[in-house]
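To start, the structure under review is shown below, and the notes come after it.
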Amino acid sequence: METINFQNIEIARELFGHRNQNLVRISDALNVKINTRGNDVSCSGDPEDTRIAVTLLNQLYDMMSKQIAFGNADIDAAIKVLKSDPEFKLKQMFEKPVYITEKKKPITPRNPAQQAYVNAIASNDLLFAIGPAGTGKTYLAMAMAVAAFSRGEVSRIILTRPAVEAGEALGFLPGDLAEKINPYLRPLYDALYDMIAFEKARLLIENQTIEIAPLAFMRGRTLNNAFIILDEAQNTTSQQMKMFLTRIGYGSKAIITGDITQIDLPQGKKSGLIEAKSILRHITGIQFSNFTKDDVVRHPLVSRIIDAYEKKQS
């Protein structure tokens, strides 16, 4: 058993959470017993898990003392990180948010892979992010785009993705063209509205400062002074990928994200993302960030689901 004494009882109570919900979360995740008495906390269980719990609590307390904010999802992510590397310093991920939303929610990396990804976006004009769903590829790229726009580094944000999903053709969907393509672009709207107030985002979209459009709408354009995100790039064809990459103009930054295990192209069509990875991997100035199921930061069940499917396919 290990005991921690937190000097500031107010910070300690905030750390414990309402009805000790944060302690319960940590206890369940690490299978350790956590008891409190005033500002003293005792942890007992497997020695390694106990050490991780103590390290986590000390680091979270230190972050709160320095007014570094975190939420439940951040605690889950921190547990996962410390299980992998008990010496990791959580503060380096959380102390400098990528972006702070208008609701004062800080958006930060939640593991070393995400931290490296954010750094790579900052230092490269063209970057490919490849990995499974839930690793934060698109969300962090969106946060970096909004942050760059808010600092005046780019004059517009362009968000695009191919209109290919689960074998459904646009022609079979009801409505006009705008109504047909809207469901394919919805994930980009969702991420955007999480960062910018709805009315402000709507105005920026109306005046085309933020543009959300299918990949086919990029043809024939030159995109200058823009932060461009191509999402679901595994569903681009070879021709579409080449077209997109040759649209990038001066003062622009482009992030291409995709999951090569979830390709919805018709049989016989080669993924432009897979081809680009092979052709461009040694080109100076182009960076690749690769994520695995271990980097998933969604609900803990997502990692287990991905793992189960991988085992079935192997």
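Values below: every heavy atom of this structure, side chains too, minus hydrogens, waters and symmetry copies.
When the shell of 6.0 Å around CZ of R19 is examined, it contains 12 or fewer heavy atoms from other residues, nucleotides or ligands. Shown here is R219, whose CZ atom has no more than 12 heavy atoms of other residues, nucleotides or ligands within 6.0 Å. Atom CD of E199 sits in a crowded spot, with more than 12 heavy atoms from other residues, nucleotides or ligands closer than 6.0 Å. By the neighbour-count criterion of 12 heavy atoms within 6.0 Å, atom CZ of R281 is sparsely surrounded, having that number or fewer from other residues, nucleotides or ligands.
Both the sub-6.0 Å distance and the 45° axial angle are satisfied by R186 relative to the ring of Y189.
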TODO: Walk me through it: do E10 and E14 pass the test side-chain contact (heavy atoms from CB on, under 4.5 Å)?
DONE: CA-CA 6 Å; E10 296 303 321; E14 188 177 354; over 6 Å; no
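D62 and K66 are joined by a salt bridge, as a carboxylate oxygen and a charged side-chain nitrogen come within less than 4.0 angstrom of each other. Between E87 and R51 there is a salt bridge, with a side-chain nitrogen of the basic residue lying less than 4.0 Å from a carboxylate oxygen of the acidic one. Checked for salt-bridge contact, K200 and E102 meet the test: a charged N lies under 4.0 Å from a carboxylate O. Taking a cutoff of 4.0 Å between a charged side-chain nitrogen and a carboxylate oxygen, K105 and D194 qualify as a salt bridge.
Between atom CZ of residue R161 and atom CG of residue L188 there is a gap of 5.5 Å, rounded to the nearest 0.5 Å. Distance check: M218 CE to I228 CD1 gives 8.5 Å after rounding to the nearest 0.5 Å. The CD atom of E206 sits 5.5 Å away from the CG atom of L203 when rounded to the nearest 0.5 Å.
Shortest non-hydrogen contact noted between T3 and S42 is OG1-CB, 3.9 Å. For the pair I121 and K253, the tightest heavy-atom approach, listed with the atom from each and the gap, is O-NZ, 2.7 Å. In terms of heavy-atom proximity, I248 sits nearest to A254 at CD1-CB, 3.6 Å. Of all heavy-atom pairs spanning Q240 and L215, the tightest one is CB-CD2, 3.8 Å. In terms of heavy-atom proximity, P109 sits nearest to V98 at CD-CG2, 4.1 Å. In terms of heavy-atom proximity, A120 sits nearest to S289 at CB-OG, 4.0 Å.
Checked options T55, V32, L30; the residue passing with T50 is V32 (criterion: side chain to side chain contact (heavy atoms under 4.5 Å, CB included)).
Among residue pairs with one or both ends in residues 104-159, those qualifying as ring-ring contact (aromatic ring centres under 6.0 Å, His included) are Y117-F291, F128-F288; sequence neighbours excluded.
Linking ILVMFWY residues whenever their side-chain heavy atoms come closer than 4.5 Å, directly or via other members, leaves F70 and M195 in distinct clusters. One hydrophobic cluster holds both F244 and L273 under the rule that ILVMFWY side chains link at heavy-atom gaps under 4.5 Å.
Annotation: side chain of R110 is in contact with side chain of D74 (closest heavy-atom distance under 4.5 Å). In this structure, the side chains of L82 and Q59 come closer than 4.5 Å at one or more pairs of heavy atoms.
Judged purely by distance below 3.5 Å, without hydrogens or angles, the side chains of D295 and T135 never pair a donor atom with an acceptor atom. When only modelled atom types and interatomic distance are considered, Q234 and E232 share a side-chain donor-acceptor pair under 3.5 Å.
Although no hydrogens or angles enter the test, the distance criterion places no donor-acceptor pair under 3.5 Å between the side chain of T36 and the main chain of V41. Checked by atom type and distance alone, the side chain of K137 never pairs as donor or acceptor with a backbone atom of D259 at under 3.5 Å.
Checked against the 6.0 Å centroid threshold, F6 and Y61 count as a close aromatic pair.
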